[in-house]
Visitor: 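One structure coming up, written as structure tokens, with questions to follow.
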Amino acid sequence: MAIEPAVVSPATLAEAYAIAARGAHRPVAGGTDLLVQITGGIGPPPDRVLDLWRLDELRGISVRDGALELGALTTFSEIRASVACREDAPALVEAAATIGAAQIQNRGTLGGNVMNASPAGDTLPVLLALDAELVVGGETGERTIPAAAFWPAYRRTAIRPDELLVRIRLPLVADRRQRFRKVGTRRAQAISKVVIALAWRGDPGSGTWREVRVALGSVAATPIRAAAAEAALEGERPTESTAERAVAALVGELRPIDDVRSTAAYRREVAGRVLRRLVRDEGRW
Ligand SMILES: Cc1cc2nc3c(=O)[nH]c(=O)nc-3n(C[C@H](O)[C@H](O)[C@H](O)COP(=O)(O)OP(=O)(O)OC[C@H]3O[C@@H](n4cnc5c(N)ncnc54)[C@H](O)[C@@H]3O)c2cc1C
């Protein structure tokens with residue numbers, strides 16, 4: 001039988017921090033993950049819930065201090081509708097468009113996706129590829145954690161129990177290009193089998209790629225960067241032979257698992273094919 005936990009809905013972030021500091025409440029944003037966990041009996045339900053939905057301090061999309069900043073409560077629909085996101089984080093817009101369907105996109109938040117820490121969370125590879133910074137806060141103040149250090153193990157985050165995720169910063173980088181691709185069973189309401197986010201800085205003169213990031217979801221216990229594939233692309237132009245080397249490197253370094261959604265062999269094969277296609281789209285050979 002589903003249990004309804006006690007809910008507290010503070011109106012200010014300071015109040016929310018004070019409640020979080022007591023350590024007895026589970027935060028809830030849009031509830032699209034947490035409610036499924038509670039009603040589906042996945043793990044023990046929380047006794048108390050800290051409802052974040054009224055906290056306007058956790059909303060808004062803006063460009064500030066050299067970064068695109070998104071409040072933790074930013075919904076996927078807001079990301080899709082944002083001109084700033086379309087200009088500076090098109091891969092995030094593409095990822096948002098693949099999440100669930102309209103109902104989930106209206107209610108589900110970027111912060112919830114980050115904090116749920118699923119290896120299949122579709123925005124997480126994008127945040128890795130764009131070198132995102134996760135700003136967390138509590139009664140003792142704010143601190144910033146790089147995305148590369150935010151998901152240390154399966155469904156774990158680097159946040160402390162007395163902290164909340166406040167906002168996500170995506171540093172603005174000149175000449176950075178970005179791509180996103182999700183492979184699932186259907187076009188909507190599909191949990192991903194493989195997700196790839198690719199980012200690089202293109203040299204306008206030589207056409208070579210710098211600061212290449214290849215990040216993947218659903219192929220390991222956490223979202224990951226593919227270091228060997230990145231090294232194969234770094235400093236190169238997007239030619240067919242470069243793509244082949246990068247694909248071989250990627251397939252060699254991935255260690256996916258077999259599970260209900262897919263097999264390890266399929267994931268490795270598809271990840272390689274998607275990377276080849278993304279590079280080919282740029283090189284047009
Ligand atoms: C039908 C359906 C389809 C879905 N499809 C997809 C999909 O295609 N791709 C995908 O990636 N996900 C999908 N999801 C999962 C879910 O919608 C997303 O992960 C969403 O981003 C969760 O956001 P939320 O605001 O609803 O999180 P919530 O359920 O409110 O919270 C999720 C977790 O994060 C914690 N949390 C939330 N906000 C904060 C904060 N600011 N600080 C600290 N902790 C916080 C909560 O305590 C909880 O542990 C789907 C879910 C459903 C039900």
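Every heavy atom of this structure was used, including side-chain atoms; hydrogens, water molecules and symmetry mates were not. Remember, it's 1-based here, ligands and their atoms both numbered in the order they're listed.
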Visitor: Could you give the distance from CZ (R22) to CG (L50), rounded to the nearest 0.5 Å?
Guide: 9.5 Å
Visitor: Just to be sure I'm reading this right: ignoring hydrogens, which of R26, Q103, R155 gets closest to atom 49 (O) of ligand 1? Compare them by their nearest heavy atoms.
Guide: R26
Visitor: So which atom in W285 and which in A243 form the shortest heavy-atom distance, rounded to 0.1 Å?
Guide: CH2-CB, 3.4 Å
Visitor: Tell me which one of I168, D122, T74, T109 gets a heavy atom nearest to atom 10 (C) of ligand 1.
Guide: D122
Visitor: Should R276 and E240 count as an ion pair when the cut-off is N to O under 4.0 Å?
Guide: no
Visitor: Just verifying a value: how many Å separate L216 CG and I196 CD1, rounded to the nearest 0.5 Å?
Guide: 4.5 Å
Visitor: So which protein heavy atom does atom 53 (C) of ligand 1 come closest to, and at what separation?
Guide: T32 O, 3.4 Å
Visitor: Using the test side chain to side chain contact (heavy atoms under 4.5 Å, CB included), find all partners of T140 that sit at least two apart in sequence or belong to another chain.
Guide: R160
Visitor: I'd like to check whether G111 has a polar contact with ligand 1, where a contact means an N/O of the residue lying under 3.5 Å from an N/O of the ligand.
Guide: no
Visitor: Please work out whether any backbone atom (N, CA, C, O) or any side-chain heavy atom from C-beta onward of V36 is under 4.0 Å from ligand 1, and answer side chain, backbone, both or neither.
Guide: side chain
Visitor: Donor-acceptor check, side chain of E230 to backbone of V214, threshold 3.5 angstrom: yes or no?
Guide: yes
Visitor: To which of K182, M115, R167 does the heavy atom nearest atom 34 (O) of ligand 1 belong?
Guide: M115
Visitor: What protein heavy atom lies closest to atom 50 (C) of ligand 1? Include the residue and the distance to one decimal.
Guide: I104 CG2, 4.2 Å
Visitor: Working to the nearest 0.5 angstrom, can you tell me the gap between D122 CG and T98 OG1?
Guide: 4.0 Å
Visitor: Does atom CZ of R273 have more than 12 heavy-atom neighbours, drawn from other residues, nucleotides or ligands, at distances under 6.0 Å?
Guide: no
Visitor: Test your reading of the model: is there a side-chain donor-acceptor pair from Q105 to the backbone of S77, 3.5 Å cut-off?
Guide: no
Visitor: Any idea which atoms of ligand 1 are less than 4.0 Å away from a heavy-atom of L165?
Guide: 40 (C), 41 (N), 42 (N), 43 (C)
Visitor: Can you pull out the closest protein heavy atom to atom 12 (N) of ligand 1? Residue, atom name and distance to 0.1 Å, please.
Guide: N113 ND2, 3.7 Å
Visitor: Looking at every heavy atom in both P46 and R26, which two are closest together, and how far apart are they?
Guide: CB-CB, 3.7 Å
Visitor: Does an N or O anywhere in G108 fall below 3.5 Å from an N or O of ligand 1?
Guide: no
Visitor: Taking heavy atoms and a distance under 4.0 Å, where does L110 meet ligand 1: side chain, backbone, both or neither?
Guide: neither
Visitor: Below the 3.5 angstrom mark, is there an N/O of A29, backbone or side chain, next to an N/O of ligand 1?
Guide: yes
Visitor: Answer yes or no: is there an ion pair linking D203 with R210, defined by an N-O contact shorter than 4.0 Å?
Guide: no
Visitor: Looking at CG of L92 and CZ of R86, how far apart are the two atoms once the value is rounded to the nearest 0.5 Å?
Guide: 12.5 Å
Visitor: Would you say Q37 touches ligand 1, if touching means a heavy atom closer than 4.0 Å?
Guide: no
Visitor: List every atom of ligand 1 that sits less than 4.0 Å from any heavy atom of G30, numbering the atoms from 1 in the order shown and giving each element.
Guide: 24 (P), 25 (O), 26 (O), 30 (O)
Visitor: Got the closest protein heavy atom to atom 27 (O) of ligand 1, with its distance?
Guide: G112 CA, 3.5 Å
Visitor: Against heavy atoms of F76, which atoms of ligand 1 measure under 4.0 Å?
Guide: 20 (C), 21 (O)
Visitor: Would you mind checking which non-hydrogen protein atom is closest to atom 1 (C) of ligand 1, with the distance to 0.1 Å?
Guide: Q189 OE1, 3.4 Å
Visitor: If you count the atoms of ligand 1 from 1 in the order shown, which ones are under 4.0 Å from a heavy atom of G121?
Guide: 11 (O)
Visitor: Take atom CZ of R237 as the centre, draw a 6.0 Å sphere, and report whether it contains more than 12 heavy atoms from other residues, nucleotides or ligands.
Guide: no
Visitor: Check whether NZ of the Lys or CZ of the Arg R179 lies under 6.0 Å from the centre of the six-membered ring of W200 and within 45 degrees of that ring's axis.
Guide: no
Visitor: Which atoms of ligand 1 have any heavy atom of L52 under 4.0 Å away?
Guide: 38 (N), 39 (C), 40 (C), 41 (N)
Visitor: Examine the proximity of ligand 1 to A72 and report which part, side chain or backbone, both or neither, has a heavy atom under 4.0 Å away.
Guide: side chain
Visitor: Identify the closest protein heavy atom to atom 47 (O) of ligand 1: which residue and atom is it, and at what distance?
Guide: P27 O, 2.5 Å
Visitor: Rounded to the nearest 0.5 Å, how far does CD1 of I191 lie from OG of S262?
Guide: 12.5 Å
Visitor: To the nearest 0.5 angstrom, please state how far the CD1 atom of I168 sits from the OG1 atom of T123.
Guide: 8.0 Å
Visitor: Please could you name the atoms of ligand 1 that T98 approaches to less than 4.0 Å, counting only its heavy atoms?
Guide: 8 (O)
Visitor: Looking only at protein heavy atoms, which one is nearest to atom 18 (C) of ligand 1, and how far off is it?
Guide: D33 OD2, 3.3 Å
Visitor: By number and element, which atoms of ligand 1 are closer than 4.0 Å to a non-hydrogen atom of L34?
Guide: 29 (O)
Visitor: Considering non-hydrogen atoms of the protein only, which is the closest contact for atom 4 (C) of ligand 1, and what is the distance?
Guide: G100 CA, 4.0 Å
Visitor: So which of N116, T75, L164 gets nearest to atom 33 (C) of ligand 1, if we judge by its closest heavy atom?
Guide: N116
Visitor: Any idea which atoms of ligand 1 are less than 4.0 Å away from a heavy-atom of V28?
Guide: 30 (O)
